[in-house]
Amino acid sequence: MLFIIQLLLAQVVLGWSPTNGYAPGPIASPGNDTNLLRNSHGLSKREAEWVTERNKVTDQNLIDFLKLANMTDFDPEDFVNNKANRSIKIGVAFSGGGYRAMLSGAGQLSALDSRVHGANENGLGGLLQASTYLCGLSGGNWLVGTIAMNNFTSVDEILRYNKIWDLEHSIINYGGINLAKTFSYYKDIDDTLDAKRDAGYDVSFTDVWARALSHQFFANLLDYGAGLTWSTLQEMDPFTQHQMPFPIVVSDGRTPGTLVVDSNSTVFEFNAFEMGSWDPSLHQFTQVKYLGTNTTGGKPNNGTYIGGMDNAGFVMGTSSSLFNQFLLQINTTSLPLYITDVVTSILQKVSKEENDIAVYEPNPFHDTLIGTVKSIERNETLFLADGGEDGQNVPFYPLIQPERQVDVIFAYDNSADTEFSWPNGTSAIATFHRQFGPQSNGTIFPYVPDARSFRNLNLTARPTFFGCDAKNLSSLLHLNSSDHMSVYDSPLVVYTANRPFSFWSNTSTFKLKYENDEKIGMIRNGFEAASRLNRTLDSEWAACVGCAIIRREQERHGIDQSDQCKQCFLKYCWDGSLDSTDEPGVNFTETGTTNGQEGKHSGASRLSGWLETAGYAAIMVVVFAMW
Ligand SMILES: *[C@@H]1O[C@H](CO)[C@@H](O)[C@H](O)[C@H]1NC(C)=O
Ligand SMILES: *[C@@H]1O[C@H](CO)[C@@H](O)[C@H](O)[C@H]1NC(C)=O
Ligand SMILES: *[C@@H]1O[C@H](CO)[C@@H](O)[C@H](O)[C@H]1NC(C)=O
Ligand SMILES: *[C@@H]1O[C@H](CO)[C@@H](O)[C@H](O)[C@H]1NC(C)=O
Ligand SMILES: *[C@@H]1O[C@H](CO)[C@@H](O)[C@H](O)[C@H]1NC(C)=O
Ligand SMILES: *[C@@H]1O[C@H](CO)[C@@H](O)[C@H](O)[C@H]1NC(C)=O
Ligand SMILES: *[C@@H]1O[C@H](CO)[C@@H](O)[C@H](O)[C@H]1NC(C)=O
Ligand SMILES: *[C@@H]1O[C@H](CO)[C@@H](O)[C@H](O)[C@H]1NC(C)=O
Ligand SMILES: *[C@@H]1O[C@H](CO)[C@@H](O)[C@H](O)[C@H]1NC(C)=O
Ligand SMILES: *[C@@H]1O[C@H](CO)[C@@H](O)[C@H](O)[C@H]1NC(C)=O
Ligand SMILES: *[C@@H]1O[C@H](CO)[C@@H](O)[C@H](O)[C@H]1NC(C)=O
Ligand SMILES: *[C@@H]1O[C@H](CO)[C@@H](O)[C@H](O)[C@H]1NC(C)=O
């Protein structure tokens with residue numbers, strides 16, 4: 001009997017942390033290649049090999065998608081199989097914005113997923129299956145991480161089993177009236193933190209947050225995924241068989257000694273193989289599996305390699321560390337003493353300073369000399385913060401790196417920018433501007449207008465294409481771009497903003513609980529936003545998406561667009577015009593809700609995104625100080 005249980009366990013934990021639990025521990029060396037670091041010139045060998053295999057799958061799936069899209073005067077098979085053409089690479093990106101972003105994003109993702117009921121008939125089913133990259137940031141990284149790390153499950157499956165994303169009780173009041181459940185929840189968090197600390201590692205607030213998140217995202221896994229690592233992906237069937245897109249989540253580096261995160265900060269990505277940055281300030285990657293290893297210049301100090309530091313919940317908590325402070329909301333005065341005690345115990349164990357920062361100690365980039373910002377490389381600790389703190393709330397970053405050769409980005413923006421928590425294009429504007437700064441490094445992001453024009457021209461009311469004509473982007477080919485780079489290697493962007501169709505989806509970023517019907521409503525509304533209200537607002541929507549996907553490859557070969565595609569581009573491309581007049585209020589008539597009023601939701605905050613965030617953080621710091 002015991003033997004059978006052990007066998008089962010051995011199976012479950014394939015690729016998990018070497019301790020099978022939250023604590024990191026020694027693992028075998030990665031082989032002869034003892035230097036864990038590499039310069040960010042080009043893709044890693046493993047990513048390049050993986051993408052080559054994935055191309056075979058996406059080529060076929062893209063043919064299927066384009067056939068379903070009913071494009072006129074276009075033969076998908078001919079186009080994709082033409083040997084002169086290279087494989088088209090699609091990237092999908094989900095913004096931050098707490099559970100609002102996770103749930104709206106879940107609906108948008110569903111519309112792209114051929115496995116989801118109704119997606120092929122009403123949405124853009126199959127586009128996910130034809131995609132190469134899947135990126136998330138903060139709330140969007142909860143979505144991407146949940147889907148990817150649960151063996152590439154689907155939103156339909158999650159809703160069917162109703163165990164993952166159980167949001168009826170907030171993350172701080174996990175059991176609701178079931179106090180025993182709340183107690184065991186905190187007890188479990190406390191125990192896993194002890195395990196990591198006893199193994200000799202610093203525990204920070206992000207560890208608490210990581211374990212709390214894992215109860216919501218890995219509810220069906222052994223010990224709520226305490227031993228599930230980000231690098232476990234490398235062993236998962238859908239990943240090894242190239243049946244899923246390559247997942248990436250984004251965080252921001254904080255220069256040691258400062259509290260500021262701005263457009264000059266180093267942006268980090270965690271992908272299935274590596275963690276690091278393309279930015280000149282760091283310009284290197286480490287192998288994510290060996291993150292806990294104490295290294296100098298990428299080589300282990302005493303020959304020992306450590307695994308398990310890349311706990312999946314911890315990586316997801318890093319990208320969303322702004323929300324660490326949710327946990328400080330717990331009001332223990334109404335809870336029984338046995339729960340108060342364990343909560344107090346947890347809070348005593350973590351550093352109270354910098355509670356929105358994830359601490360990576362040892363710093364994998366310690367004592368290297370590649371990047372231009374030596375303060376990161378000199379410090380023994382690496383500090384990472386929420387990916388949205390630099391204003392780039394949509395994770396375009398991994399997808400605009402020229403090395404990845406992405407043709408088209410489907411960007412889902414669920415930010416809370418306006419007074420009533422709708423997006424206004426600010427995230428895309430931030431990415432546009434970053435290409436002119438010292439961290440540009442040859443990236444090209446197409447022209448976008450100012451936030452007022454986004455609103456006045458209805459660019460958040462319906463999907464909008466940016467960068468439709470690559471030749472108009474020549475002036476963005478920067479001085480520091482490499483010689484072989486061409487504008488045709490920069491992606492076209494299909495931007496879709498959160499918008500109300502069947503549900504007021506502008507809930508507050510800090511809404512902690514969703515009743516089941518609210519959750520379903522958010523997801524359904526996201527589906528409708530991505531599908532142009534199930535294609536009822538435009539029966540040719542899928543064909544127009546097809547036109548966007550094939551555009552760069554057509555441009556590279558000087559192929560003319562079909563009349564249908566020309567019409568689509570007239571309809572969906574931003575034409576370069578501006579309207580910066582100050583006309584408050586967003587008109588929602590195009591959405592099917594036709595009440596023409598500014599959207600309001602009972603839970604919606606009146607503060608705009610950043611104000612709300614900053615104000616909230618300030619309040620929480622005070623609450624913490626009073627603890
Ligand atoms: C590692 O190095 C040894 C000796 O140099 C060599 O025989 C072996 O094939 C190498 N292994 C790999 C996986 O490269
Ligand atoms: C494509 O055409 C077929 C047959 O006319 C129709 O059933 C299907 O719904 C159409 N699909 C799209 C995406 O318009
Ligand atoms: C749109 O399609 C989705 C998926 O099939 C469905 O859940 C939703 O109810 C549909 N919305 C409308 C307005 O029909
Ligand atoms: C993961 O999904 C694949 C299908 O892609 C399936 O074959 C496999 O059994 C699943 N593994 C687990 C552990 O559920
Ligand atoms: C490392 O960063 C911490 C926190 O910002 C700072 O206090 C410390 O001085 C830094 N150490 C070095 C060697 O720069
Ligand atoms: C970023 O760095 C550049 C050049 O060093 C500087 O001109 C610019 O003001 C900086 N931007 C911010 C937001 O600090
Ligand atoms: C190397 O350091 C690790 C902790 O970082 C420790 O567990 C291990 O015992 C050390 N090994 C040697 C050979 O000193
Ligand atoms: C905590 O809960 C108690 C009892 O429910 C209540 O009186 C008190 O105002 C709450 N404190 C805060 C800070 O919410
Ligand atoms: C890493 O190793 C160095 C030198 O061996 C040591 O000084 C440092 O404390 C170690 N860092 C951690 C986090 O263990
Ligand atoms: C757009 O959103 C930003 C916050 O993300 C806000 O500062 C700005 O005022 C907004 N502008 C408009 C025109 O809504
Ligand atoms: C990016 O930055 C690195 C490091 O500064 C540099 O070596 C490389 O040439 C840059 N790449 C481009 C395309 O500018
Ligand atoms: C934006 O949409 C509203 C409502 O449909 C419409 O009245 C207005 O003319 C549109 N503006 C532009 C520039 O298309």
Side-chain angles (χ1 to χ4, degrees), residues 38-42 106-125 154-156 159 266 276-285 368-374 400-405 435 437-444 449 452-462 464 476-486 489-490 499-503 517 520-537 541 570-581 583 585-598:
R38 69 171 188 98
N39 196 306
S40 309
H41 290 309
Q108 293 149 354
L109 183 75
S110 296
L112 315 182
D113 187 347
S114 61
R115 300 169 300 174
V116 167
H117 185 72
N120 295 351
E121 299 76 29
N122 305 332
L124 302 171
S154 70
V155 174
D156 257 10
L159 295 181
T266 307
S277 181
W278 301 96
D279 290 342
S281 56
L282 191 66
H283 211 252
Q284 47 193 320
F285 281 95
T368 55
L369 296 165
I370 296 173
T372 54
V373 176
K374 296 286 181 265
I400 59 173
Q401 300 306 323
E403 287 82 356
R404 289 215 162 99
Q405 301 191 323
Q435 72 187 313
Q439 299 280 41
S440 160
N441 205 231
T443 55
I444 296 182
R452 282 180 180 170
S453 298
F454 256 94
R455 179 193 63 202
N456 297 339
L457 300 173
N458 297 333
L459 306 184
T460 53
R462 51 165 180 74
T464 304
L476 297 175
L477 260 182
H478 308 290
L479 293 173
N480 64 352
S481 295
S482 52
D483 301 337
H484 54 83
M485 170 101 189
S486 120
D489 295 327
S490 72
R499 192 77 179 168
F501 291 88
S502 58
F503 192 82
D517 56 343
I520 304 291
M522 294 287 287
I523 293 175
R524 176 182 153 158
N525 188 74
F527 186 105
E528 290 160 353
S531 63
R532 303 239 55 209
L533 193 54
N534 295 7
R535 297 195 200 147
T536 56
L537 296 174
W541 172 231
L570 274 178
K571 206 177 337 177
Y572 290 107
C573 292
W574 174 53
D575 62 3
S577 65
L578 297 171
D579 177 358
S580 311
T581 51
E583 294 239 354
V586 179
N587 199 315
F588 282 110
T589 46
E590 211 190 332
T591 67
T593 55
T594 65
N595 67 7
Q597 284 181 358
E598 178 62 275

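Each ligand, and each atom within it, is numbered from 1 in the order the structure gives. In this chain, numbering begins with 1 at the start of the sequence shown.
Among protein heavy atoms, the minimum distance from atom 7 (O) of ligand 3 is reached at Arg524 CG, 4.4 Å. In terms of protein heavy atoms, atom 5 (O) of ligand 3 is closest to Asn122 ND2, 3.0 Å. When hydrogens are left out, the protein atom nearest atom 12 (C) of ligand 3 is Asn534 ND2, 3.2 Å; that is the closest non-hydrogen contact.
Here the side chain of Asn534 pairs no donor or acceptor atom with the backbone of Glu528 at under 3.5 angstrom. For Ser110 (side chain) and Ala119 (main-chain N/O), no donor-acceptor pair under 3.5 Å exists by modelled atom type. Between the Asp579 side chain and the Thr581 main chain, a donor and an acceptor come within less than 3.5 Å of each other. Without hydrogens or angle criteria, Asp113 side chain to Arg115 main chain gives a donor-acceptor distance under 3.5 Å. Remark: the backbone N or O of Phe454 is not paired with any side-chain donor or acceptor of Trp574 at under 3.5 angstrom.
The ligand atoms of ligand 11 that sit less than 4.0 angstrom from a heavy atom of Pro280 are 5 (O). Ligand 3 places these atoms under 4.0 Å from at least one heavy atom of Gly118: 5 (O).
With a 4.0 Å heavy-atom cut-off, ligand 3 is reached by the side chain of Phe527 but not by its N, CA, C or O. Contacts between His117 and ligand 3 below 4.0 angstrom, taking non-hydrogen atoms only, involve the backbone exclusively.
Nearest-heavy-atom check against atom 6 (C) of ligand 12 across Asp579, Leu459, Asn458 picks out Asn458.
For a threshold of 3.5 Å applied to N or O pairs, the pair formed by Trp278 and ligand 11 contains no separation below that value.
In this structure, His41 has a heavy atom closer than 4.0 Å to ligand 11.
Rounding to the nearest 0.5 Å places OG1 of Thr368 at 12.5 Å from NE2 of His283.
The aromatic rings of Tyr572 and Trp541 lie tilted to each other, with the angle between the two planes from 30° to 60°.
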